[in-house]
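Computation of the quantities below employed the complete heavy-atom set of this structure, encompassing side-chain atoms and omitting hydrogens, waters and symmetry-equivalent molecules.
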Amino acid sequence: MEENKNLKLEIEVLKKRVTALENKERRRKIVGLIKAIITIILIIFVALKLYEYYQKIIDVYNSFNFF
């Protein structure tokens with residue numbers, strides 16, 4: 001009878017630990033997804049800025065090319 005109580009108590013503790021670990025893993029996945037989205041947005045922003053400067057350089061180059 002005492003062993004059954006101990007086993008039930010251990011099962012409850014293990015269930016709580018599993019729940020806590022699942023919550024941590026869920027948070028890690030969410031944070032990873034947010035980081036990926038931010039990284040993609042930053043890459044797109046930098047690419048657009050580089051393209052804008054490229055266009056300015058081409059415009060200046062074309063203004064010096066008369067032929």
Inset, instruction - Can you tell me which residue pairs pass the side chain to side chain donor-acceptor pair (under 3.5 Å) test with a partner in residues 49-61, sequence neighbours excluded? - result: Y51-Q55, Y61-N65
Inset, instruction - Kindly compute the distance separating CG (L50) from CD1 (I57), expressed to the nearest 0.5 Å. - result: 9.5 Å
Legend entry - Same apolar cluster (I L V M F W Y, side chains within < 4.5 Å links), I38/I30: yes
Legend entry - Spacing of L7 atom CG and I11 atom CD1 [to the nearest 0.5 Å]: 6.0 Å
Legend entry - Identified side-chain contact (heavy atoms from CB on, under 4.5 Å) partner of I41 from the options T39, I44, I37: I37
Inset, instruction - Please report the C-alpha distance between R28 and E25 in whole Å, then the side-chain angles of each, then the deciding distance to 0.1 Å, and finally whether the salt bridge (Lys or Arg N to Asp or Glu O under 4.0 Å) criterion is met. - result: CA-CA 5 Å; R28 279 189 196 137; E25 186 64 27; 3.5 Å; yes
Legend entry - Pairs involving residues 9-18, ordered by first then second residue, that meet salt bridge (charged side-chain N to carboxylate O under 4.0 Å, His left out) (sequence neighbours left out): none
Inset, instruction - Report the distance from atom CD of E2 to atom CG of N6, rounding to the nearest 0.5 Å. - result: 5.0 Å
Inset, instruction - Give, for atom CG of L21 and atom CG of L14, the distance between the pair rounded to the nearest 0.5 Å. - result: 10.5 Å
